[in-house]
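First the proteins, then the strands, lettered A, B, ... as listed; each starts at 1. Just so you know, these numbers use all the heavy atoms, side chains as well, and skip hydrogens, waters and symmetry mates.
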Protein chains: 4
Amino acid sequence: MTKDINKRRRRKDARPSEIIAAAFGEFEDKGFGGTTLGSIAARAGISRTTIYLYFDTKEAIFEAAMRGSVEQTIDAAAMVVQQAHGDFRTVFSHVVDMIYARLVTGDASVLLRVLVAEGHEMQSLVALYRHEILSKGESTIRALIERGIAAGELAEEARSYDVRLLVSPAIFVAIWMRVFAQVEPLEVDAFKASHIKLVCDALIQSKA
Amino acid sequence: MTKDINKRRRRKDARPSEIIAAAFGEFEDKGFGGTTLGSIAARAGISRTTIYLYFDTKEAIFEAAMRGSVEQTIDAAAMVVQQAHGDFRTVFSHVVDMIYARLVTGDASVLLRVLVAEGHEMQSLVALYRHEILSKGESTIRALIERGIAAGELAEEARSYDVRLLVSPAIFVAIWMRVFAQVEPLEVDAFKASHIKLVCDALIQSKA
Amino acid sequence: MTKDINKRRRRKDARPSEIIAAAFGEFEDKGFGGTTLGSIAARAGISRTTIYLYFDTKEAIFEAAMRGSVEQTIDAAAMVVQQAHGDFRTVFSHVVDMIYARLVTGDASVLLRVLVAEGHEMQSLVALYRHEILSKGESTIRALIERGIAAGELAEEARSYDVRLLVSPAIFVAIWMRVFAQVEPLEVDAFKASHIKLVCDALIQSKA
Amino acid sequence: MTKDINKRRRRKDARPSEIIAAAFGEFEDKGFGGTTLGSIAARAGISRTTIYLYFDTKEAIFEAAMRGSVEQTIDAAAMVVQQAHGDFRTVFSHVVDMIYARLVTGDASVLLRVLVAEGHEMQSLVALYRHEILSKGESTIRALIERGIAAGELAEEARSYDVRLLVSPAIFVAIWMRVFAQVEPLEVDAFKASHIKLVCDALIQSKA
DNA sequence: TATGAATGAGTGTTCATTCAT
DNA sequence: TATGAATGAACACTCATTCAT
């Protein structure tokens with residue numbers, strides 16, 4: 001009997017995240033507008049109306065799903081920052097690795113899709129993303145560059161670049177994989193190496 | 001009387017493009033799925049059913065709108081290719097200028113939005129875009145690099161970069177403007193200059 | 001110039017019947033509800049709105065078409081009555097011939113279709129048909145039987161049959177041809193002969 | 001609680017047939033094309049969208065309704081065949097009774113209406129009806145005639161009649177009742193007796 | 001006379017959401 | 001907790017009809 005209660009409680013606690021997981025997959029495949037509660041329910045193996053026990057509206061599910069994704073991204077970013085030891089090329093490579101991992105194959109690809117498609121009506125999500133993730137990423141890279149300059153590895157001039165530019169190709173890859181992958185594949189690892197090389201060649205110019 | 005006829009004819013001739021213009025705006029705001037014929041009609045100042053005098057289905061409107069956009073992009077690309085005279089930095093700047101103009105403020109931003117959000121179900125549009133535009137842009141830039149190498153301006157090594165990488169930051173700007181512009185602006189011209197500088201610094205660097 | 005006027009007048013006079021003819025074909029194919037003004041116009045080779053110069057509503061076209069058909073049937077019936085000379089078998093054969101001709105391949109097949117499908121809302125048409133055609137046909141056949149009895153060809157008992165019964169198989173054929181012809185054909189002439197034989201065998205039998 | 005569940009279940013189980021019944025009436029009155037889901041829903045006392053819980057499309061409702069009708073007809077026909085004992089006149093009377101019952105006042109009248117009016121686009125229904133009902137009826141009557149000949153009741157010549165002819169007046173009655181009943185009634189029983197008499201007088205000719 | 005332009009009412013169908021159990 | 005039943009609002013699309021020329 002205790003077991004039953006536990007099982008039920010476990011069930012109860014798990015439900016919301018099961019629903020979010022199912023919803024996440026649907027949003028990834030079809031976007032917000034194209035996703036129906038029926039398809040989420042089917043994917044979660046529950047009834048359509050059960051969803052309403054945990055979420056008030058379709059928007060609420062969406063926000064929960066996106067918030068979860070953002071949080072994972074925040075965690076990943078924090079982890080990278082902590083490990084930031086070594087010369088510019090090495091650390092920058094790690095940062096770029098992480099970004100590709102999340103944007104191209106991870107949760108953030110859904111965020112990208114959704115923000116591009118429906119970001120207009122989701123300014124709070126946009127602001128959250130901006131402040132929790134992008135700004136931290138920006139300052140991390142900026143600090144990285146400063147360190148490189150201080151260490152004599154990078155030219156003073158490196159400071160003049162918009163740091164968003166240095167990681168921006170990752171967005172291109174994420175979009176290419178989403179949109180054009182079926183028509184023409186893109187070798188992500190090669191592209192990523194190309195990306196890192198381009199940035200380092202430009203910034204570490206003083207090594208010459 | 002001639003005037004009347006003219007007015008009417010002018011109206012008739014203008015209607016399709018009026019509808020396309022209205023539809024274009026709606027697609028930009030809400031994507032294909034989120035756009036209703038009612039909203040297109042309202043924006044065009046006509047009745048919902050009037051649209052059916054000129055287009056058979058919602059898809060037909062969409063295709064007409066996208067086709068127009070793709071054609072404009074093709075024309076713009078062709079123009080750039082013709083004007084491709086001068087050293088690498090100059091010509092590459094022109095190319096990047098054109099891409100930003102179309103992707104960030106021009107028609108192509110709708111394409112980006114729609115392809116990212118709903119490209120899955122629009123493989124024909126994806127293929128059209130891929131073959132008519134992207135591949136031409138790619139070979140143009142590749143030729144540009146070869147010319148730079150031949151002229152001794154660029155190192156042989158320049159060949160090793162994925163050419164898509166060299167223009168990829170433009171996508172980032174397009175997305176930033178769409179998604180984050182209201183939360184935090186981005187100075188497009190400065191970013192673009194930064195972009196051009198990064199690429200040229202990396203590619204032309206060896207000449208030093 | 002006189003010619004032009006004539007031509008135009010001829011045109012003007014012909015239009016309504018052209019429209020009716022076109023409408024007739026459409027009603028035959030698709031019934032009243034299934035016929036659109038567009039299809040009538042297309043079949044008549046004119047514009048949809050031109051129809052409104054001659055008819056106020058779709059119903060008006062329909063009534064005109066049905067009325068025309070009824071009138072033709074009346075004429076055909078009158079002709080048969082006039083030619084009613086000879087013994088019962090001969091005259092009855094002529095009558096049945098006429099009925100089959102009109103019901104199975106002629107105008108009346110449309111009437112049948114339409115009355116069955118939409119007769120409810122067309123009681124005036126139904127009444128017209130009833131009084132102008134059916135009742136005359138009935139009395140014609142009744143007279144024919146009386147003549148046969150008077151001539152000793154038929155038994156007195158022949159009077160006891162409902163005269164509608166004697167021609168009723170024609171309706172069956174009309175319906176079969178419309179509904180089942182494609183699935184399984186029916187030899188109209190053989191069936192008609194069978195029909196005539198059945199009636200005559202039953203009525204004239206007593207003479208033996 | 002059990003009651004409640006039962007009530008609910010009874011409701012759920014009853015709904016489809018309630019809908020079919022409502023639809024049946026509408027199809028009878030207005031045909032397939034003329035019937036709207038709104039009118040079916042109104043007649044069934046439910047919302048238009050509730051219908052979609054039980055049927056996928058309007059066609060599905062129609063098919064279910066027709067299938068039910070066809071099945072009832074098949075059952076009725078089978079019953080008649082089983083009871084086929086006695087002389088020709090008796091058995092034939094039973095067969096005709098059944099046909100009139102179904103065609104004139106029963107379900108099959110809808111089938112008649114719909115097949116006449118819209119059979120063109122419903123070839124599968126036509127084929128079903130042809131193969132499941134008409135062909136069986138045909139062979140039943142043919143067997144009946146053979147038995148009558150074998151028993152010396154009917155002349156060999158009876159074989160020469162198209163068997164469809166022998167029951168065809170039933171169609172006439174069905175149509176008369178649908179179309180002309182309000183303008184001029186028809187005594188179905190008297191007509192039916194007349195019908196039976198005509199056929200028997202013609203076939204049992206050898207009794208003379 | 002003839003027509004192209006325009007539209008309001010209506011069709012089948014989908015879906016997020018509510019309610020009773 | 002969980003769900004099946006039910007529905008109102010909305011959508012793409014059709015069509016008879018009106019209007020201006």
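Distances from the side chain of B:R15 to the nucleotides E:dG4, F:dC11, E:dA5 place E:dA5 closest. The side chain of C:K58 has F:dA16 as its nearest neighbour among F:dA16, F:dA2, E:dG4. Of the candidates F:dA6, E:dT7, E:dT1, the closest approach to any side-chain atom of C:Y54 belongs to E:dT1. Out of F:dG8, E:dT3, E:dA6, the shortest distance to the side chain of C:L53 is found at E:dT3.
Put simply, B:Y52 has no side-chain N or O that comes within less than 4.0 Å of OP1 or OP2 on E:dT7.
Note on B:T50: a base of the nucleic acid sits closer than 4.0 angstrom, heavy atoms only. Within 4.0 Å (heavy atoms only), B:S39 reaches no atom of the nucleic acid at all.
Atom P of nucleotide E:dT7 and atom CG of B:L37 are separated by 14 Å, given to the nearest angstrom. The nearest whole Å value for the distance from the CD1 atom in C:I40 to the P atom in F:dA16 is 8 Å. Atom CD1 of C:I51 and atom P of E:dT3 are 10 Å apart (whole Å). The CZ-P distance, from D:F62 to E:dG12, rounds to 14 Å in whole Å.
Between C:M66 and C:Y129, every side-chain heavy-atom pair lies at or beyond the 4.5 Å cut-off. Put simply, the side chain of A:Y52 does not reach to within 4.5 Å of the side chain of A:T57, judged on heavy atoms.
Taking a pair to require two hydrogen-bonding distances under 3.5 Å in either a Watson-Crick or a G-U wobble arrangement, E:dT21 pairs with F:dA2.
When each of A:T49 and C:G33 is assigned the nucleotide of DNA chain F with its nearest heavy atom, A:T49 is the one assigned upstream, toward the 5' end. Comparing B:E59 and D:R48 along DNA chain F, the residue whose closest nucleotide (by nearest heavy atom) sits nearer the 5' end is D:R48.
Atom CD of A:Q182 sits in a sparse spot, with 12 or fewer heavy atoms from other residues, nucleotides or ligands closer than 6.0 Å.
Summarising the geometry, atom NZ belonging to C:K58 is positioned 7.0 Å from atom CD1 belonging to C:I40; distances are rounded to the nearest 0.5 Å.
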